[in-house]
Amino acid sequence: MSSTSNQQVEYLYKILVVGDIGTGKTSIIKRYVHNIFSNSYKSTIGVDFALKVLTYDNNTIIRLQLWDIAGQERFGNMTRVYYKEAVGAFVVFDVTRPPTFDAVQKWKTDIEHKVFLPDERPIPCVLLANKSDMSPAVDIKNETMNNYCAENGFVGWFETSAKENKNIEEAARFLVDKILENYIEVKQEDPEALKIGNPVTLEKNGDSRNAGAGCCGGR
Amino acid sequence: MAEHLPNDQYDVIISSTGLVQSLLAGALCRVEKKVLHLDMNDRYGGQQSTLNLEEFHQFISRGQHSTDQSNHEKKEGATSLTYQDAYKILHFDYKKKTTTQEDTSEQNTFRRSDLPNDMDEALVSQSRRFAIDLTSQLLFSNGEIVQLLISSAVGRYLEFKCIDAIMVYVPEQIKKGQKPPETLNYRFEKVPLTKGDIMKNTFVSLPEKSYLVKFITSCMDYESQPEFQKYQNEPFIEYLRAKNLSPLLCSFIIYAIAMLQDEKSVNARDGMSRVKLFISSLGRYGSTPFLYPLFGSAELNQAFCRVAAVYGATYVLRRGVENVVHDVNENVTGIECTQGQLLKCSSGFVLDRDYCASNVVVSECNSIVRQVLISDSALFDPNQITGKENSLGCAVVAYIPPGSFGNDQKYCVTVMQVDQTSSCAPKGKFLISLQIKRDQGDSDEQVLSLLKTISTRLFESKNIVFDDVVAYQAVYRQLIRSGNCGLPAFENLFVCDDADGSLDYGYLVSRAKNVFEKLTKGQDFEFLPKMPNPDGEDDQRVDETSRLLGLGLEEQSAKLDQEEVVESKDETNEQITEEQETKQD
């Protein structure tokens with residue numbers, strides 16, 4: 001939940017980062033959270049999520065949990081633990097490899113089926129056309145991509161490069177804006193949907209670190 | 001999705017994502033074993049699967065499936081597997097939609113084709129809000145699985161609901177000097193578990209109260225008592241009688257505390273060790289010793305699978321196993337999966353009972369028969385259970401001792417009710433399950449009709465007509481297979497038995513640990529060591545992140561210990577809830 005000290009509000013949001021193997025999900029997360037980039041590729045082992053603290057405005061601090069998909073990614077069989085309480089998602093494809101763009105729809109559908117807001121609406125998804133420092137093999141002209149987003153239910157898209165640190169902050173900011181809009185709407189619509197009862201967490205003091213600052217739907 | 005796996009060499013291959021297998025996958029990956037985890041279903045959970053209504057209905061309305069061994073070619077160095085369905089559907093029924101709903105259905109964008117067209121719209125539109133367990137299980141607050149979730153930090157993936165009340169179906173009490181009526185009236189009574197509860201209780205008489213308090217306080221060191229030593233090999237019930245416990249208290253202890261199926265089959269030693277486990281889990285998280293995962297049992301399996309995945313396991317759903325491949329020394333060297341690909345495992349292969357049909361005769365198996373109900377009306381009223389007005393809901397486990405519904409009822413019926421407070425049902429709906437053990441000789445029809453009679457009568461006793469409130473019901477039988485699996489005794493083949501029908505996870509955890517030890521023999525690995533801090537990959541950076549996160553791991557566990565010292569947190573819990581509720585207002 002949010003806590004107030006000096007009128008400052010803190011939110012904790014869980015964001016999914018999905019997309020085919022080798023599209024640069026981990027690089028995007030590393031660039032965004034630690035501002036580092038490495039050309040050598042290694043698959044992600046032992047990392048659940050990365051945390052980015054964002055000073056949204058003078059009164060708002062947002063902590064973003066960015067959940068990378070783990071070794072099972074190639075087959076798209078994520079557990080519900082991965083999806084649950086997520087409030088937004090990035091779907092990443094590699095502009096140099098068209099099959100990774102073809103797979104975008106599959107990832108989007110998977111998200112729609114497995115997680116949604118308390119009012120049954122899908123969570124906001126932003127499409128990232130990554131590796132844009134290289135010459136694209138996918139048509140990423142503005143008009144084409146805008147149409148694609150409208151047709152497939154993406155709230156927006158960005159041409160990104162983790163290598164050149166291009167548009168990653170912007171994309172995150174854009175997604176957070178959308179999440180905050182939802183959060184405020186949901187709060188007004190159905191306060192009861194925020195947290196029902198008084199669930200037990202085994203590590204009680206971990207409450208502040210649990211994701212899903214209220215704005216969460218299951219399944 | 002029929003693609004071949006790019007890698008065909010693993011240390012261990014595991015089939016099915018039941019709890020034993022999921023625990024194993026997590027534990028093996030944490031010690032850097034290369035694990036391939038397959039499941040023939042398109043969901044995680046195996047026997048502990050949790051399904052939404054649409055998935056559940058698919059499960060219920062499908063036919064039996066099995067593989068026919070005659071189709072397999074006999075291959076040298078390979079043993080083909082025969083699939084056996086652990087479930088048999090005995091009955092299902094659902095509320096039909098009314099004619100006024102007919103007009104709007106086409107506009108409903110959430111309508112999906114996999115639920116029948118004539119099903120009630122309210123059910124269909126809320127399908128995703130249901131989390132229906134195929135098997136009823138609960139976690140003892142102080143049981144091995146909770147300790148494991150804490151020590152491994154896997155618990156951070158999960159949230160739980162503490163069961164609010166434990167009830168037993170008992171006959172009304174006859175006061176001394178009163179003439180007993182011709183037929184006894186039965187009703188559910190709450191089992192008082194804390195001293196405060198016992199004192200407040202109006203159903204249990206004063207002398208009974210003092211016996212009960214004495215019993216509960218004495219059972220932490222029952223072994224040293226002379227009475228116990230005398231009775232330890234006698235039936236449990238004899239021991240309880242010798243302790244001057246009334247029939248009412250005996251019912252409470254045998255069914256609700258020791259959680260036995262009948263009063264005959266267990267001796268005092270086993271009975272008391274079960275009582276001790278129960279009592280030692282009291283007061284840790286709430287007024288009963290049980291926790292239930294929000295969104296259903298399969299969350300547990302998925303938490304362990306997520307750990308495995310984070311540590312490098314490959315997960316492939318919708319893929320079964322056709323053949324076990326072995327060498328001349330009778331060692332399993334790999335498997336052939338349903339896509340035909342040959343996959344090798346150097347250390348071992350873990351197989352689910354579902355694939356070992358060749359030696360199992362269904363009529364010789366014990367089983368559980370389970371009725372699942374979706375109801376608009378609760379059997380256990382949340383306001384009454386929680387003692388609050390406008391309660392949001394509750395979670396209850398209840399027991400109906402054998403014989404309460406005639407001689408046909410040979411075993412105790414376990415009833416569970418969950419709702420939105422366990423994130424298992426939409427607001428205003430209740431998920432109720434009844435289950436009973438079925439002996440090998442019993443007929444399915446008999447058990448089916450018994451369960452139907454019981455659930456109908458339970459609603460009737462609340463002046464509710466079953467058909468008016470139950471929107472969906474299904475009854476199915478689930479096999480409990482164990483013993484010889486019929487496969488050759490390969491040393492590195494591990495067959496996971498079915499869940500044993502008990503509510504707690506003790507058996508499954510010990511089974512997983514056992515297989516883990518064998519698979520890592522001589523390597524002295526810890527079973528599921530603590531997962532590092534999720535953001536700890538970058539230890540050198542003392543950045544804003546860790547400053548804000550604030551707490552190191554050691555500090556956390558210290559805090560956890562402090563929590564445990566607090567013995568009865570009922571009052572504090574209630575205060576917290578009240579505060580939260582006012583905030584929401």
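Residue numbers start from 1 in every chain, and the chains themselves are labelled A, B, ... in the order their sequence lines are given, proteins ahead of strands. Reckoned from all heavy atoms, side chains included, excluding hydrogens, waters and symmetry mates. Here the structure is a predicted model, which is why all the values come from computation and not from measurement.
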Minimum heavy-atom separation for A/V81 to B/R306, with atom names?
CG1-CG, 4.1 Å
Ring pair (Phe, Tyr, Trp, His ring centres under 6.0 Å) involving B/F290 - partner list, sequence neighbours excluded
B/F140, B/F278
Quick check: do B/Q302 and A/M78 have side-chain heavy atoms less than 4.5 Å from each other?
no
Within a 6.0 Å radius of atom CD on A/E170, are there more than 12 heavy atoms belonging to other residues, nucleotides or ligands?
yes
In Å, rounded to the nearest 0.5 Å, how long is the span from CG of B/L291 to CG of A/L202?
6.5 Å
Is it the case that more than 12 heavy atoms not belonging to A/K163 sit under 6.0 Å from its NZ atom?
no
Could you work out, with side-chain hydrogen bond (donor to acceptor under 3.5 Å, both in side chains) as the rule, every residue matching B/Y157, not counting sequence neighbours?
A/D48
Check this for me, if you would: do A/K84 and B/E159 make a salt bridge, where the nitrogen-to-carboxylate-oxygen distance has to be below 4.0 angstrom?
no
Please give me the minimum heavy-atom distance between B/L294 and A/P199, naming the atom from each residue.
CD1-CB, 3.7 Å
If you count heavy atoms of other groups shown closer than 6.0 angstrom to CG of A/D57, is the number above 12?
yes
Does NZ or CZ of A/R80 fall inside the cone over B/F295's six-membered ring, less than 6.0 Å from its centre and within 45° of the axis?
yes
